[in-house]
Novice: 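Before anything else, here's the structure in question.
Source: prediction; values computed, not measured. Side-chain atoms are counted along with the backbone in the values below, which use heavy atoms only and exclude waters and symmetry mates. Just so it is clear: chains get the letters A, B, ... in the order the sequence lines come, proteins before strands, and each one is counted from 1.
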There are 2 protein chains.
Amino acid sequence: MPKVVDPRIRRRELAEAVWRVVRRDGLEHASVRNVAREARLSMGSLRHYFASQSELMAFALRLVIDGIEQRIAALPSDGDPRQRAARVLAELLPLDDQRRAENEVWLAFTARAMTDPELRALRDEGYDMLRAGCRGLVAGLIGPGRDPEREAARLHALLDGLAVHAAVRPDVDTPDALRAVIADHLSELRAPRTTDAPTRS
Amino acid sequence: MPKVVDPRIRRRELAEAVWRVVRRDGLEHASVRNVAREARLSMGSLRHYFASQSELMAFALRLVIDGIEQRIAALPSDGDPRQRAARVLAELLPLDDQRRAENEVWLAFTARAMTDPELRALRDEGYDMLRAGCRGLVAGLIGPGRDPEREAARLHALLDGLAVHAAVRPDVDTPDALRAVIADHLSELRAPRTTDAPTRS
DNA sequence: CCTTTTATAGCACAGTCGTGCTACATTCGA
DNA sequence: TCGAATGTAGCACGACTGTGCTATAAAAGG
């Protein structure tokens with residue numbers, strides 16, 4: 001007695017089952033069997049929607065990327081670049097449960113992509129998207145004398161570092177702490193570049 | 001015909017075999033069989049040195065942490081905090097092959113530690129060590145009006161973010177790019193805090 | 001020289017894995 | 001109404017896994 005359901009919904013349900021297993025047990029336990037059990041489906045049924053495990057994994061990661069992209073795109077883009085930057089970054093940092101989950105799944109897949117070519121392509125896509133976003137934010141913010149590309153790299157690294165820290169030590173790097181660090185950084189970007197008094201020995 | 005070797009050397013060799021397998025094939029392929037083969041030993045022989053796989057993994061991670069700690073401790077600590085900071089951070093960033101390797105292994109284990117309590121303890125140790133180090137560096141550098149704890153968190157996040165980026169996109173985030181970003185950041189830390197002209201709507 | 005310890009090797013067991021395959025029920029199109 | 005398509009389930013195969021166990025050879029200690 002198969003229930004009739006839009007296959008897109010089933011595929012999303014299975015991707016969400018992947019996310020839950022990855023968060024709870026780790027990516028190494030996200031086997032076809034475990035994911036099917038998590039989604040309350042049989043293995044055979046899962047394989048009706050995904051021909052292989054790697055296809056399932058790629059889809060699960062794809063949904064994460066698309067979700068983030070859409071949430072950013074849906075943000076109101078009023079004129080003030082300062083406020084827009086604050087909003088975008090707040091959307092990117094793992095400040096609430098949903099984004100904490102997204103972030104942890106993303107980190108797990110990022111690590112695996114180091115040795116998995118298929119996932120690497122997706123990871124690079126997300127990475128480039130984020131870098132481009134940082135470039136856009138920085139362009140509207142930086143003070144005189146600052147190198148836009150370098151500041152984009154710095155903001156991007158800060159963002160990813162904070163995301164890792166939020167996942168690793170949520171008790172130390174709390175949402176408020178993340179917000180404070182990012183706010184400071186944005187303020188600073190508006191100041192002119194502080195040229196160095198080089199201490200050479 | 002067992003060769004006679006200091007067991008400590010064998011254990012280190014096995015740990016290094018773990019590192020190589022992790023970098024080449026991923027942590028999920030670091031099985032006792034694969035690691036034993038990489039070290040040109042039999043499974044039985046490996047298990048003579050490590051009673052279980054988790055013991056082997058914990059040891060492999062422990063060696064990474066100890067290595068980093070020792071290299072930092074061995075740094076000359078001359079008086080100038082600016083130069084010391086530059087040296088410490090250059091030692092921490094994945095700027096050469098050895099540190100690239102260390103970094104990739106560290107990232108793989110960091111990801112797994114999200115769901116493995118034994119590895120988590122080690123990871124947290126490394127994390128706290130790094131945060132404490134950032135606190136020390138920041139203390140000798142920051143300009144007036146800056147919150148030391150927040151700047152330590154910022155430097156730490158920047159450092160970890162750059163490390164991730166160096167692993168993910170070595171072609172974009174090259175050693176020179178990492179150095180430039182860190183140098184900029186250190187210069188900026190010496191400037192007084194730029195108070196915000198808040199744009200409230 | 002003989003015994004004990006250490007280092008090495010290899011096998012066997014039980015479990016999990018991905019995937020190919022078959023079977024069956026439901027829904028749909030003609 | 002009746003085939004075709006679709007959704008669901010489950011089994012079987014071969015491969016890989018961690019670990020317990022035994023065997024053997026070399027070294028160490030008396």
Novice: Counting only side-chain heavy atoms from C-beta out, which of D/dT17, D/dA9, C/dT8 sits nearest to B/S31?
Specialist: D/dT17
Novice: Which of these nucleotides, C/dT19, D/dG18, D/dT8, is closest to any side-chain atom of B/R33?
Specialist: D/dG18
Novice: Whole angstroms only, please: what is the CZ-P distance between B/F50 and D/dG20?
Specialist: 16 Å
Novice: Are A/L189 and A/R82 side-chain neighbours, meaning at least one heavy-atom pair lies under 4.5 Å?
Specialist: no
Novice: Give me the atom names and distance for the closest heavy-atom approach of B/A85 to B/L141.
Specialist: CB-CD1, 3.7 Å
Novice: Taking 4.0 angstrom as the limit, do A/E91 and A/R99 come out as a salt bridge?
Specialist: yes
Novice: A/M43 CE to C/dT22 P: how many Å, rounded?
Specialist: 16 Å
Novice: Choosing from C/dG18, D/dG7, C/dC21, which nucleotide comes nearest the side chain of A/H48?
Specialist: D/dG7
Novice: Think A/N34 has a side-chain N or O under 4.0 angstrom from the OP1 or OP2 of C/dT16?
Specialist: no
Novice: Atom CD of B/E55 to atom P of D/dG20: distance rounded to whole Å?
Specialist: 12 Å
Novice: Phosphate oxygens OP1/OP2 of C/dG20: is one of them under 4.0 Å from a side-chain N or O of A/R47?
Specialist: yes
Novice: For B/Q53 and D/dT19, give me the distance from atom CD to atom P, rounded to whole Å.
Specialist: 6 Å
Novice: Once you round it to whole Å, what is the distance between C1' of D/dG18 and CG of B/L56?
Specialist: 12 Å
Novice: Hey, are A/D25 and A/R20 close enough for a salt bridge, meaning a charged N less than 4.0 Å from a carboxylate O?
Specialist: no
Novice: Output the rounded distance in Å from CZ (A/R11) to P (D/dT6).
Specialist: 14 Å
Novice: Under a 3.5 Å distance rule, please check whether B/R11 uses its side chain to pair with a backbone N or O of B/Y49 as donor and acceptor.
Specialist: yes
Novice: Rounded to whole Å, how long is the line connecting atom NE2 of B/H29 with atom C1' of D/dT17?
Specialist: 12 Å
Novice: Using the closest heavy atom to pick a nucleotide of DNA chain D for each, name whichever of A/R40 or B/S54 lands nearer the 5' end.
Specialist: A/R40
Novice: If the cut-off is 4.0 Å, is B/Y49 near the phosphate of C/dT6, judged by side-chain N/O to OP1 or OP2?
Specialist: no
Novice: Rounded to whole angstroms, how far apart are CG on A/L46 and P on C/dC17?
Specialist: 13 Å
